[in-house]
2 protein chains.
Amino acid sequence: MNQRQRWPEGKEGTAPKAATRRGKDGDGAERHEVIYQSISDAIIEHRLKPGARLREDALADVFDISRTGIRKILQRLALEELVTLTPRRGASVTRPSADEAKDVFDARQMIECGLIPEITRRITREDIQTLRDMATQEREALRAGEQSTAIKLSAAFHGHLAHLSGNATLAAFVERLCSRSSLILAVYGNPGHLGCESHDHEDLVSYLEKGNGERAQAFMGRHLKAIEASLSIHSEEDEAPDLYTIFSR
Amino acid sequence: MNQRQRWPEGKEGTAPKAATRRGKDGDGAERHEVIYQSISDAIIEHRLKPGARLREDALADVFDISRTGIRKILQRLALEELVTLTPRRGASVTRPSADEAKDVFDARQMIECGLIPEITRRITREDIQTLRDMATQEREALRAGEQSTAIKLSAAFHGHLAHLSGNATLAAFVERLCSRSSLILAVYGNPGHLGCESHDHEDLVSYLEKGNGERAQAFMGRHLKAIEASLSIHSEEDEAPDLYTIFSR
DNA sequence: CCTCGGCAAATCGTATACAATGGGCGCTCT
DNA sequence: AGAGCGCCCATTGTATACGATTTGCCGAGG
């Protein structure tokens, strides 16, 4: 479609863009989605660390697209608060503040626990099997030392669980909270001890299978509290020191 | 939140609104914010009805800006689900489905009620005064027959209340839910009987003032249920009739 | 040696030009 | 006359060019 000799300036010949050379002419919208997922995954998996700069030109070059498309994607990520857009400085992976971290986990506590009753009511046998598979897969990844994968699978587990409530709006919100949690873990987490304990999710599924909603709810509460407690939250007020407020007369 | 960098020249400190992020302004970004607010308000106030088309050219012309800027704003509105972006047909004001309506009100029920205890704990005398003023203002507008204003003020009331919980993340989510609620009222509401009863908010403030969190919480629950019950939700399966499902063998 | 001021490079913000797609509408054939 | 078909226009999607601003460097002066 638009895949003709771009960049007459050269510099194209020597740089083999490793990045999933999208099949040309793939319909435009699809390509955007793929790129969005790529960046989003990279952030969630901590392959892009908080604070990392995301230059538009570089991304445009890597994904073989114009800056226009990249900006669109970057904006979307910014609205989901995975990246921070500073007016004339470009985009960077969001570095959550301590306050934000607390807010996010409080929100998860409220919503994910609040969703459990409805989930218990609606869950089917197939759902339980799917969840169990996801939990297993996650533990496998954890044991194999693939932290990136484990982090993503953990978020996926929580997201999938939320969707079982039947409330798409809240589920979407939970997904976003999980993404942000991943960022929080990257900043405040202790190495070698990432958020979810390996067996937690499987235990949770067991409670759900037994139809024991109250136990499941309490367990989810403890689970989230445990993750939050495992963080070492230091204020670290280095970035954007907000000078105008600090030195305001 | 560390998004406060104010330029010393700026003085537009109308704090209570603070709808979203966007701290940095400079010069050009401010204009975008204004335009965004204009469109957003127009939608929330039902001056733009669900289904209304929003042509990029027209908007660009009205606001004296290039289509680039309009697209950016439209995308933001789309991510907040106030407008729907259809691939090659442009933007239109979102027409919420019946399912979405239910989801939104369930979500509000969970979150706004869940927030009340913390709000009760944190609320100050000034906060109560502010809330009372807002409620009064809202009733005034309602009595004056200014529905548009009343709708916006109602959403602002719920949003402001949520902010008093101290959880900016959840508060932002509540704000978005309120915006969407406004859309839902536009589609499923009965004329002459818009969502919030005129005295409801003032009653709620009274409970909060007495520090009676449980009463306040129960009242909020009833309040939201009442709004939801006042809707006449007909599925209205006209658009996108999903022929494949209907005629599936 | 330290500091201040200007210059240059880098990078984002905006506008405009171009391409492509889908719908509306008139023409023609039966 | 009705229906089918194809062209034209309206509208969006994408790319690139240009302008603005910020940053970092380097040289000059105290």
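Order of the sequence lines sets the chain letters (A, B, ...), proteins ahead of strands, with each chain counted from 1. Nothing here was measured: the structure is a model prediction, and the numbers come from that model.
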Step by step, work out the side chain to side chain donor-acceptor pair (under 3.5 Å) result for A:R122 and A:S165. CA-CA 7 Å; A:R122 289 168 159 256; A:S165 72; over 6 Å; no

Value in whole Å for how far the [atom2] atom of [N] lies from [atom1] of [X]:
| X | N | atom1 | atom2 | value |
| --- | --- | --- | --- | --- |
| B:R31 | D:dA20 | CZ | P | 14 Å |
| A:R53 | D:dT23 | CZ | P | 10 Å |
| A:L85 | C:dT14 | CG | P | 11 Å |
| B:I70 | C:dT16 | CD1 | P | 13 Å |
| A:F63 | D:dA15 | CZ | C1' | 18 Å |
| A:E56 | D:dT14 | CD | P | 16 Å |
| B:D57 | D:dC9 | CG | P | 16 Å |
| A:Q75 | C:dT14 | CD | C1' | 13 Å |

Is B:G69 touching bases, backbone alone, or none of the nucleic acid, heavy atoms closer than 4.0 Å?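 Touches nothing.
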
Would you mind classifying the nucleic acid contact of B:R67 as base, sugar-phosphate or nothing, using non-hydrogen atoms under 4.0 angstrom?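 Since a base atom lies under 4.0 Å of B:R67, the category is base.
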
Measuring from the side chain of A:I65 (C-beta onward, heavy atoms only), which nucleotide among D:dG13, D:dT22, D:dA15 has the closest atom?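 So the side chain of A:I65 is nearest to D:dA15.
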
Between D:dT12, C:dA15, D:dA15, which nucleotide gets closest to the side-chain atoms of B:T68?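 When the side chain of B:T68 is considered, C:dA15 is the closest of D:dT12, C:dA15, D:dA15.
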
[X] and [Y]: side-chain donor and acceptor closer than 3.5 Å?
| X | Y | answer |
| --- | --- | --- |
| B:S230 | B:N190 | no |
| A:H32 | A:R76 | no |
| A:H46 | A:S148 | no |

Is the distance from OP1 or OP2 of [N] to the nearest side-chain N or O of [X] less than 4.0 Å?
| X | N | result |
| --- | --- | --- |
| A:R55 | C:dT11 | yes |
| A:R88 | C:dG13 | no |
| B:H32 | C:dT14 | yes |
| A:R71 | C:dG13 | yes |
| B:S66 | C:dA15 | yes |
| A:K72 | D:dT14 | yes |

Between atom CZ of A:F173 and atom OG1 of B:T169, what is the distance when rounded to the nearest 0.5 Å?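 Separation between the atoms: 6.5 Å.
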
If you assign each of A:R89 and B:R89 to its closest nucleotide in DNA chain D, which residue comes earlier from the 5' end?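 With A:R89 and B:R89 compared, the 5'-side residue is B:R89.
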
